[in-house]
There are 2 protein chains.
Amino acid sequence: MDSMRHLYPVILAGGSGTRFWPLSRHLYPKQLLRIIGDETLIQQTMRRVLSCANPEQVIISTNPGQADSIRVQLGEWKAALKDNYVVEPVGRNTAPAIALVAAELLLRDPHAMMLVLPADHVVTGEKAFKAAVELGVQLAEQGHLVTFGIKPTRPETGYGYIQPDRRKSLGKKGRLTGHPVARFVEKPNRAKAAQYLKNGHFYWNSGMFLWKAAAILEEIQQHQPQLAKAIQRVHALMASGADLGLIEAAYKKVPSVSIDNGVMEQSANAAMIPVGFGWSDVGNWSSLEEVAPRDKSGNVVSGRVIDMDSTNSVLYADRRVVATIGLSDMVVVDTPDATLICPKSRSQDVKQMVEILKRQGAPEHLEHVTVFRPWGSYTVLEEGPGYKVKRVTVNPGGRLSLQLHHKRSEHWVVIAGTARVTRGEELLDLRVGQSTAIPVETPHRLENLGTETLHIIEVQNGPYLGEDDIVRLQDDYGRLNRAR
Amino acid sequence: MDSMRHLYPVILAGGSGTRFWPLSRHLYPKQLLRIIGDETLIQQTMRRVLSCANPEQVIISTNPGQADSIRVQLGEWKAALKDNYVVEPVGRNTAPAIALVAAELLLRDPHAMMLVLPADHVVTGEKAFKAAVELGVQLAEQGHLVTFGIKPTRPETGYGYIQPDRRKSLGKKGRLTGHPVARFVEKPNRAKAAQYLKNGHFYWNSGMFLWKAAAILEEIQQHQPQLAKAIQRVHALMASGADLGLIEAAYKKVPSVSIDNGVMEQSANAAMIPVGFGWSDVGNWSSLEEVAPRDKSGNVVSGRVIDMDSTNSVLYADRRVVATIGLSDMVVVDTPDATLICPKSRSQDVKQMVEILKRQGAPEHLEHVTVFRPWGSYTVLEEGPGYKVKRVTVNPGGRLSLQLHHKRSEHWVVIAGTARVTRGEELLDLRVGQSTAIPVETPHRLENLGTETLHIIEVQNGPYLGEDDIVRLQDDYGRLNRAR
């Protein structure tokens with residue numbers, strides 16, 4: 001099938017990370033989590049699309065706060081994905097993100113087709129997935145904007161629904177038939193949702209799409225002309241290598257619109273394929289039980305949990321001990337700096353809790369104590385007045401930027417591996433148990449020339465210890481003009 | 001009243017720390033916790049007995065694992081209590097502990113009377129407490145073994161009960177009357193407990209006692225002759241300044257017996273005073289609500305808890321965020337290395353949970369990440385293969401032993417205060433942001449000559465990092481031959 005060669009999977013990886021707090025954070029959302037299985041959701045999504053396209057054709061749409069972590073997680077395909085990250089300076093909902101990728105793809109391939117997938121869904125059944133995509137490609141060739149409909153299994157009020165026009169067939173593949181969309185329905189109330197479930201003519205809108213890049217751009221132009229114009233300006237700036245500040249300023253002017261509201265619901269060309277694969281958007285902690293394995297008491301358990309007599313609960317620990325006795329239908333999630341406890345029935349209110357934390361300026365809504373960087377990661381072990389203690393991990397071959405700090409001195413003690421340290425004019429090689437001190441204003445760099453991962457303990461001293469007191473003099477990862 | 005001059009309050013501070021896990025630990029039991037109010041339970045107990053006696057007359061009965069922490073907490077009375085710690089090498093229940101203190105007191109004062117109090121009870125009403133003690137002294141002068149009975153308020157199955165012979169009065173003070181004990185009753189089942197409550201003739205055995213030291217020794221001799229003999233041997237060894245190993249070996253031969261079972265229930269001289277003060281043994285997390293203030297939703301809340309809609313729950317956090325949504329009648333206790341979640345109705349099973357942790361060899365049953373020492377404290381921030389990171393706090397004037405390690409090197413970075421460091425032949429004074437490295441086998445010492453508390457970050461490197469790799473060359477706190 002020739003059109004498959006023009007298929008570009010587009011992974012939307014800009015989620016907000018509120019509903020799986022405290023495991024997810026604003027800067028570490030759900031797609032980066034190992035929620036089920038050995039791989040994170042974005043890794044699973046990447047592996048899934050490789051049944052339909054080469055890795056060189058996969059586009060990752062994300063934002064600056066998440067790009068580093070995603071690059072680390074998709075390191076297996078580093079070379080193939082090198083030029084395939086489309087980084088929005090700020091989030092503007094799905095329509096601008098899709099428009100920007102469509103504009104970029106049209107430059108690369110005038111026949112480009114886009115298979116748009118959220119990075120954080122769980123899909124089971126690879127063959128059924130591939131079959132649906134292949135039928136989608138057929139329909140997209142005819143100019144349709146293809147959606148994938150999921151047969152409802154419960155009266156869900158959290159999703160939009162699609163009613164297909166089942167009298168008309170737009171194409172067939174095996175047992176699958178594509179139909180025109182009769183209508184899109186907003187998230188229903190409980191009674192409506194029950195009626196849709198019983199009726200059998202309604203499908204959940206999975207948020208996955210397939211269309212020609214040219215077709216979606218045309219429809220965006222038609223239904224959201226202001227948005228289309230603003231995105232063209234941004235894309236031109238990006239293509240010309242303009243300053244990031246300029247691009248960000250232009251992007252901030254793009255209206256925030258979802259592809260469903262702004263385009264699909266307006267379009268005369270919407271189609272739907274009722275799919276045969278298993279699907280979950282794992283929307284909150286309680287929905288985890290749809291996809292994760294449960295023990296014989298019905299619990300989903302992970303990490304260092306010691307339980308007596310709990311049933312049907314979600315119990316997530318890490319390295320700390322979580323001791324649970326006699327819980328039923330509860331959610332307990334423990335992370336190094338925050339713990340959540342609520343009945344499963346209140347899982348959807350986690351979002352509200354994160355809002356409270358955000359209003360309070362609590363750092364626990366924003367990021368984890370462990371933060372990933374292109375060269376490795378760091379974990380804040382403790383901070384207090386005038387000091388901060390970190391464990392810093394540098395991958396083999398990785399090196400931090402050549403940098404200096406105005407407000408703090410640092411001590412480094414090697415606890416594993418070997419460190420190549422630049423300190424002013426000196427070059428030092430430090431082994432386990434050796435250390436060095438970096439005074440204020442001294443240019444310095446940490447580098448791992450070895451084959452083993454380097455771990456150091458860093459003790460910072462100074463009146464201000466923010467991550468933004470970094471003056472980067474040289475950087476391997478293009479971060480000279482970025483604060484973080 | 002002359003006999004009051006011979007009254008020696010004896011605080012039993014050897015609790016096992018299982019029922020308030022994870023806030024309490026084997027080496028950090030309930031009496032050391034600030035469970036209610038600004039002071040810990042042992043501090044409150046100490047302050048309470050000062051209404052009856054001078055601090056020089058207060059005896060603290062404890063064990064080696066808790067002695068340092070208790071000394072720190074009772075630092076306000078350091079000089080007065082200097083020679084008043086009776087440290088049992090191992091726990092042998094209450095009868096041996098009491099016998100040992102009685103033997104010691106008889107040496108100091110042949111007319112000594114003992115007011116025996118657990119360190120971890122909550123008592124309200126100082127005047128009523130003092131009145132009960134004064135009547136107790138009257139009865140003890142007549143040779144009675146006095147117990148203090150609490151009027152039951154619920155059908156409690158966790159306590160022993162006492163039935164007084166109310167036809168006979170042994171003495172009166174104000175509205176209080178002392179009676180002979182008709183009988184002691186073991187912990188009853190639910191039905192019996194309900195009957196005792198209704199009947200009105202039964203009292204809870206509070207575990208507080210008053211007697212002449214000579215009288216209790218005589219009764220122990222009579223009812224537990226083997227125990228009496230073994231304790232005499234231990235006391236003679238202690239008095240002669242014998243080696244700790246010898247004392248420990250002798251103490252291990254003492255039979256483990258409770259004063260209730262072993263003596264009180266056998267004695268013909270037991271008396272009971274029905275008391276007028278408020279009392280709780282705060283036996284588990286759910287009993288906290290009897291004594292701690294509750295918010296308008298009925299929750300007992302402490303630390304960094306962010307709650308939505310919870311009711312009648314016990315929510316204990318520390319510096320980490322604990323986010324709770326819609327809990328009712330639950331217990332949540334978060335500590336730096338362990339978290340407990342259970343319904344209030346399962347609070348008594350925490351003990352069983354601690355047993356599980358102990359069987360698994362989990363360090364979280366034993367002690368906290370912060371450990372108190374006579375010179376200050378240390379907190380383990382992280383440990384991993386080949387390294388450990390601690391924050392070490394040294395009180396003004398405090399100094400650690402002059403020591404060396406066979407297996408590890410250490411780095412110290414000062415984060416607050418000024419450190420006087422001995423390193424081999426050198427003496428260094430390090431200010432904030434300065435550091436030093438201590439090689440393996442090098443004698444070293446950390447000391448705080450300043451008036452501000454000293455804080456350092458210590459990074460240890462080595463193949464073995466146990467607390468027992470400390471060779472003490474000189475110590476201010478008499479710990480040369482102790483492992484910890």
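Chain letters run A, B, ... following the sequence lines, proteins first, then strands; residues in each count from 1. Side chains included, hydrogens not; waters and symmetry mates left out as well; all remaining heavy atoms used.
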**Study point:** Residue B/Thr335 versus chain A: region with a heavy atom under 4.5 Å
**Key:** backbone

Point to revise | From CG (B/Asp349) to CD1 (A/Ile325), nearest 0.5 Å | key: 5.5 Å

Exercise for review: Check each atom of A/Val322 against the heavy atoms of chain B and say whether the ones under 4.5 Å are side chain, backbone, both or neither.
Suggested key: both

**Study point:** Nearest-0.5 Å distance, CD of residue B/Gln360 to CZ of residue A/Arg304
**Key:** 7.5 Å

Point to revise | B/Pro439 versus chain A, the contacting section by heavy-atom distance below 4.5 Å | key: neither

Practice item. Name the member of B/Ala323, B/Cys342, B/Ala317 that forms the most heavy-atom pairs with chain A at distances under 4.5 Å. Key: B/Ala323

**Study point:** A/Ser328 portion near chain B, given a 4.5 angstrom heavy-atom threshold
**Key:** neither

Review point. Which atoms of B/Gln460 come close to chain A, meaning under 4.5 Å heavy atom to heavy atom: side chain ones, backbone ones, both, or neither?
Key: neither

Point to revise | Step-by-step side chain to side chain contact (heavy atoms under 4.5 Å, CB included) determination, B/Met308 to A/Ile356 | key: CA-CA 10 Å; B/Met308 289 165 57; A/Ile356 293 173; 3.9 Å; yes

Review point. If you count heavy-atom pairs under 4.5 Å with chain A, which of B/Val432, B/Val333, B/Val389 comes out on top?
Key: B/Val389

Check your understanding: Under a 4.5 Å heavy-atom cut-off, does chain B meet the side chain of A/Asp337, its backbone, both or neither?
Key -> backbone

Exercise for review: Could you have a look at B/Glu382, B/Arg320, B/Arg391 and say which one has the most heavy-atom pairs with chain A under 4.5 angstrom?
Suggested key: B/Arg320

Practice item. Kindly compute the distance separating CD (A/Glu383) from CD1 (B/Ile415), expressed to the nearest 0.5 Å. Key: 12.0 Å

Study note, to complete from the structure: Closest non-hydrogen contact found for B/Ser435 with A/His411 is OG-NE2, 2.8 Å

Review point. What's the shortest heavy-atom distance between A/Pro343 and B/Gly326, and which atoms?
Key: CG-O, 3.4 Å

Review point. With chain B, which of A/Ile306, A/Val332, A/Val350 has the greatest number of heavy-atom pairs at distances under 4.5 Å?
Key: A/Ile306

Point to revise | Shortest non-hydrogen contact between B/Met330 and A/Leu327, atoms and distance | key: CE-CD2, 3.5 Å

Check your understanding: Shortest non-hydrogen contact from A/Glu364 to B/Val321?
Key -> CD-CG2, 3.5 Å

Review point. What part of A/Pro336 is in contact with chain B, defined as an atom under 4.5 angstrom from a non-hydrogen atom: side chain, backbone, both or neither?
Key: backbone

Point to revise | Spatial distance of atom CD1 (A/Ile457) from atom NZ (B/Lys388) [nearest 0.5 Å] | key: 13.5 Å

